[in-house]
Peer 1: 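Sharing a structure, written as structure tokens. Questions coming.
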Amino acid sequence: MKGGRSKAGSKNDDKLSVKQKKVKKTKDPNKPKRPPSAFFVFMEGFRKQFKEKNPAVKGVAAMGKAGGDRWRAMSDEDKAQFVTIAEQRKKDYEASMRAYEKKQAGGNDEEESDKSKSEVNDDDEDGSDEGEDDD
DNA sequence: TCGCTGATTGTTCGT
DNA sequence: ACGAACAATCAGCGA
């Protein structure tokens, strides 16, 4: 979308590219997944609502159509909210991609795990009692 | 029993 | 610059 579309005569939205059915086998295990677009970010919240309103919904097609229809009904400003989030996701993706390229360049076991470390849980967590207040 | 297919749009990569 | 692929979701059906 985005106002200026490169395609000049896109009068028909035929499903020219009807591929993507079976996701190709990504042979690159380190390849980071692509950041979710604003539409997907919106879908994250929409899925819950859709499930609540349509608990008997089956398949993703119904949700996809409903989501797409709702998405188009939204104003650019409303979508801007998700777009902003999507941008953050993209930023994070760039960082992941950087690590990915780094790995591709040279085999190093250094992953992008140097970011903020939630809790220093060295030992295997038991999970029985959640002690959020350590110390 | 396991795994793919379907439908939506946006974004990103590759040529 | 254009094209094509791929991101998540859930339940149903095929082999």
Side-chain angles (χ1 to χ4, degrees):
Chain A
M1 297 209 161
K2 281 209 186 59
R5 199 180 285 72
S6 328
K7 195 95 141 214
S10 68
K11 63 185 207 156
N12 62 349
D13 32 3
D14 269 356
K15 24 187 137 199
L16 297 170
S17 41
V18 68
K19 317 179 169 187
Q20 166 203 8
K21 284 191 256 212
K22 197 166 23 185
V23 56
K24 247 158 54 167
K25 268 143 94 109
T26 317
K27 68 178 171 74
D28 292 338
N30 303 342
K31 191 167 171 162
K33 300 197 272 193
R34 299 175 324 192
S37 50
F39 175 65
F40 267 52
V41 177
F42 154 74
M43 254 283 202
E44 283 187 30
F46 180 78
R47 283 177 306 225
K48 290 179 192 165
Q49 288 185 4
F50 184 84
K51 289 284 285 180
E52 284 188 14
K53 294 186 179 219
N54 306 309
V57 68
K58 33 168 131 188
V60 295
M63 185 161 50
K65 284 178 186 171
D69 182 51
R70 183 37 102 79
W71 179 252
R72 289 188 197 168
M74 289 179 76
S75 305
D76 292 351
E77 288 155 12
D78 290 341
K79 293 192 283 197
Q81 292 173 92
F82 305 100
V83 172
T84 303
I85 298 173
E87 281 187 31
Q88 293 179 358
R89 285 297 190 104
K90 185 179 71 170
K91 196 172 78 159
D92 186 49
Y93 170 75
E94 282 181 8
S96 296
M97 186 51 118
R98 242 169 107 317
Y100 165 70
E101 285 180 354
K102 192 176 192 170
K103 250 194 174 189
Q104 288 290 337
N108 61 350
D109 21 23
E110 188 137 53
E111 251 157 5
E112 75 275 34
S113 274
D114 64 67
K115 227 138 163 225
S116 64
K117 241 169 208 166
S118 278
E119 214 109 278
V120 253
N121 219 354
D122 327 73
D123 265 329
D124 42 6
E125 65 259 340
D126 214 347
S128 61
D129 194 54
E130 222 93 7
E132 45 261 280
D133 218 342
D134 58 64
D135 202 346

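The basis for the numbers below is simple: all heavy atoms, side chains too, and nothing from hydrogens, waters or symmetry mates. The chains referred to below are lettered A, B, ... by the order of the sequence lines, with proteins before strands, and numbering in each begins at 1.
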Peer 1: Report yes if the side chains of A/Phe42 and A/Met74 come closer than 4.5 Å at any heavy-atom pair, otherwise no.
Peer 2: yes
Peer 1: If you pin A/Lys58 and A/Ala86 to their nearest nucleotides in DNA chain B, which one's is more 5'?
Peer 2: A/Lys58
Peer 1: What integer distance in Å separates A/Arg98:CZ from B/dT12:P?
Peer 2: 17 Å
Peer 1: Report yes or no: does A/Gln81 contribute a side-chain atom to a donor-acceptor pair with the main-chain N or O of A/Asp78 at less than 3.5 Å?
Peer 2: yes
Peer 1: Are A/Lys79 and A/Asp76 ion-paired here, with the side-chain N under 4.0 Å from a carboxylate O?
Peer 2: yes
Peer 1: Using five base pairs at each end to define the local axes, how bent is the helix from B/dT1-C/dA15 to B/dT15-C/dA1, to the nearest 10°?
Peer 2: 80°
Peer 1: Rounded to whole Å, how long is the line connecting atom CZ of A/Phe82 with atom P of B/dT11?
Peer 2: 14 Å
Peer 1: For A/Met74 and B/dG10, give me the distance from atom CE to atom P, rounded to whole Å.
Peer 2: 11 Å
Peer 1: Would you indicate, yes or no, if B/dT12 has its OP1 or OP2 atom less than 4.0 angstrom from a side-chain nitrogen or oxygen of A/Lys90?
Peer 2: yes
Peer 1: At a heavy-atom distance below 4.0 Å, what parts of residues 60-68 of chain A sit against DNA chain B?
Peer 2: A/Val60, A/Ala61, A/Gly64, A/Lys65, A/Gly68
Peer 1: To the nearest Å, give me how far apart CD (A/Glu87) and P (C/dA7) are.
Peer 2: 21 Å
Peer 1: Shortest non-hydrogen contact from A/Met43 to A/Gly67?
Peer 2: CE-CA, 4.2 Å
Peer 1: Are A/Val83 and A/Ile85 co-members of a hydrophobic cluster defined by side-chain heavy atoms under 4.5 Å apart?
Peer 2: no
Peer 1: Output the rounded distance in Å from CZ (A/Arg72) to C1' (B/dT9).
Peer 2: 8 Å
Peer 1: Take atom CZ of A/Arg70 and atom P of B/dT9, then tell me their distance rounded to the nearest Å.
Peer 2: 15 Å
Peer 1: Expressed as a whole number of angstroms, how long is the span from A/Trp71:CH2 to B/dA7:C1'?
Peer 2: 16 Å
Peer 1: With the threshold set at under 4.0 Å for non-hydrogen atoms, list the residues of residues 39-49 of chain A touching DNA chain C in residue-number order.
Peer 2: A/Phe40, A/Arg47
Peer 1: Does a side-chain heavy-atom distance below 4.5 Å link A/Lys91 with A/Glu87?
Peer 2: no
Peer 1: Pick base, sugar-phosphate or nothing for A/Pro35, based on heavy-atom distances below 4.0 Å to the nucleic acid.
Peer 2: sugar-phosphate
Peer 1: NZ/A/Lys48 to NZ/A/Lys51 distance, rounded to the nearest 0.5 angstrom?
Peer 2: 12.5 Å
Peer 1: Can you tell me how far P of C/dA5 sits from NZ of A/Lys31, to the nearest Å?
Peer 2: 13 Å
Peer 1: Enter the distance from A/Ser96:OG to A/Arg89:CZ here, rounded to the nearest 0.5 Å.
Peer 2: 10.0 Å
Peer 1: For the atom pair CD (A/Glu94) and NZ (A/Lys90), what is the distance rounded to the nearest 0.5 Å?
Peer 2: 6.0 Å
Peer 1: Tell me whether the count of non-hydrogen atoms from other residues, nucleotides or ligands lying under 6.0 Å of CZ in A/Arg47 goes above 12.
Peer 2: yes
Peer 1: With heavy-atom distances below 4.5 Å as the criterion, would you say the side chains of A/Phe39 and A/Phe82 are in contact?
Peer 2: no
